Amino acid sequence: MSKPLLISGAEIFADGEVLKRGDLLIQGGKIRKIAPKIKASGARVVPGRGLIAAPGLIDTQLNGGFGHWFSEAPPDRINAVSRGLLAEGVTSFLPTLISLPKAVILKGIASVVAASKLKGGAEILGLHLEGPFLSKAKRGAHREEHLRHPTPGEFRDYFKAAQGLLRKMTLAPELPGALETIREGRRKRVIMSAGHTMASATQFAMGVAAGVSHVTHCFNAMPPLHHRDPSALNAALVTDAVSCGFIYDRIHIHADAARLLLRSKPKGRAVLVSDAVAAMGMPDGDHEADGALYEIKAGTVTVKGTGTLAGSARSILYGVRCLVEDLGLAPAEAVALASAAPARLLGLKTKGALRPGADADVILLDGMLNVKNTFLRGELLYGNHH
């Protein structure tokens, strides 16, 4: 077995509680022990005094980063993004592919499958297809010519191409063929998520009955709350069994919308995502992808000349920091929205929390929640030993 690793004297965001000062013992890629003081002869010691040891972040909606879109990047470029994510505290993620012609989606799926076998970066846990079965009225930055009605057959083609990696699909439940497609996805254990939708509360409920269990970027790309004519958003907020993804980059939703979501959903059912695109880590300016022109300006990404938001230029860790600053959340609570909650969504028992037996996906953060070190299964992949 590999040499044990001891993170000593850190503030530990352990599963459900915060140890003000403690030690964390890692061996064989797993967390072996968490205690106020651990004696481990022969262990490599990483001093954690003044730092926070937290579970690695899990981003379930990420379209790309550092100049690359997953929809068109070859496997080595996807792996380059995986490596870049380590500096943002992300240890695992779902690459997200947007609405494109079927042949292009299939090519993108093949690239993600190949990239998932490459090492050295954040782990690819599966694939998220955001589209092409979306509402034209709420398409956002998705191009209208790439949208189509869902069919179980087209879904099955994507599922087969993904070789077991298709974990989540966003679609509009009100579209013709959607309910059959949702049932097919549920049978294949894919998380069927409502998004880019004009659904009424009644249509949303029909989607839930068919197998919708999640909402993609709650509040965005759907009709607003209404007090007499309830929308999908009304239903999403009060349907406890449905989890809600949300973007918090100070652009997509107001702090009070985030507060409303966190008060409405049971613990663990609000899932922070980045919805970051290739613009993450890029300078301001124009950026072309998939034949469309995007503008990056002060952290905001839009389809050039339209003002339509096109994902985010910020990482999920930025969202965690903003939630702490704007909503006054305890850092451990904000981190859980980006670790424990997505792990629960994906049904992962060994990720998202620091506890004995869990994968040693650990990040060391300073008091401002900046990443100092990132460990994936106990291996130091980002940062230096002090």
Side-chain angles (χ1 to χ4, degrees), residues 1-7 24-32 43-44 46 53-97 107-128 161-168 273-274 276 278 280-281 315-317 338-339 342-343 346-354 357-365 371-385:
M1 206 177 231
S2 59
K3 189 176 177 181
L5 179 78
L6 184 72
I7 297 172
L24 191 99
L25 184 65
I26 294 167
Q27 191 168 19
K30 297 284 187 184
I31 296 168
R32 295 297 167 196
R44 201 155 49 101
V46 177
L57 307 183
I58 303 169
D59 198 345
T60 55
Q61 187 177 2
L62 183 71
N63 308 276
F66 318 109
H68 305 297
W69 290 80
F70 294 138
S71 290
E72 56 186 26
D76 62 324
R77 299 289 182 208
I78 297 173
N79 185 251
V81 179
S82 297
R83 290 168 184 268
L85 289 171
L86 297 168
E88 298 295 333
V90 176
T91 51
S92 51
F93 68 108
L94 298 185
T96 297
L97 305 183
K107 187 180 174 198
I109 289 172
S111 287
V112 171
V113 170
S116 71
K117 299 178 171 76
L118 301 176
K119 301 284 185 240
E123 186 180 348
I124 293 174
L125 296 172
L127 183 67
H128 171 207
Q163 299 176 32
L165 273 187
L166 183 56
R167 297 297 294 273
K168 184 174 157 208
V273 299
S274 71
M280 179 173 64
S315 72
I316 194 171
L317 180 61
S339 53
L346 296 171
L348 302 172
K349 300 280 190 263
T350 60
K351 292 191 188 297
L354 301 185
D359 292 344
D361 297 351
V362 183
I363 53 176
L364 288 180
L365 306 167
V371 178
K372 295 297 177 190
N373 297 101
T374 302
F375 299 87
L376 184 67
R377 297 180 189 267
E379 188 183 349
L380 178 69
L381 292 184
Y382 173 79
N384 302 310
H385 282 322

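Note that these values count all heavy atoms, side chains included, but never hydrogens, waters or copies made by symmetry. What you are looking at is a predicted structure, and each value in this text was computed from that prediction instead of being measured.
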Could you pull out the closest heavy-atom pair between His68 and Ala73, with the gap in Å? CB-CB, 4.4 Å
Are Asp359 and Lys30 within salt-bridge range, i.e. N to O under 4.0 Å? yes
Looking at every heavy atom in both Leu62 and Ala276, which two are closest together, and how far apart are they? CD1-CB, 3.5 Å
Mind checking whether Asp59 and His128 have side chains closer than 4.5 Å, heavy atoms only? no
Sequence-distant partners of Lys107, side-chain contact (heavy atoms from CB on, under 4.5 Å), two or more places apart: none
Nearest heavy-atom approach of Phe93 to Ala122 is CE2-O, 3.6 Å
Please determine whether side-chain contact (heavy atoms from CB on, under 4.5 Å) holds for the pair Leu94 and Leu346, giving the CA-CA distance in whole Å, both sets of side-chain angles, and the decisive distance to 0.1 Å. CA-CA 10 Å; Leu94 298 185; Leu346 296 171; 3.9 Å; yes
Would a distance-only check, ignoring hydrogens and angles, find a side-chain to backbone donor-acceptor pair under 3.5 Å from Arg32 to Leu25? no
Any side-chain heavy atom of Leu118 sitting closer than 4.5 Å to one from Pro75? yes
Could you go through the side-chain contact (heavy atoms from CB on, under 4.5 Å) check for Thr91 and Leu376 one step at a time? CA-CA 6 Å; Thr91 51; Leu376 184 67; 3.8 Å; yes
Write out all pairs satisfying side chain to side chain donor-acceptor pair (under 3.5 Å) with one or both partners inside residues 70-82, taking only residues at least two apart or from two chains. Asn79-Arg83
Partner of Phe70 under side chain to side chain contact (heavy atoms under 4.5 Å, CB included), chosen from Thr96, Val81, Ile124: Val81
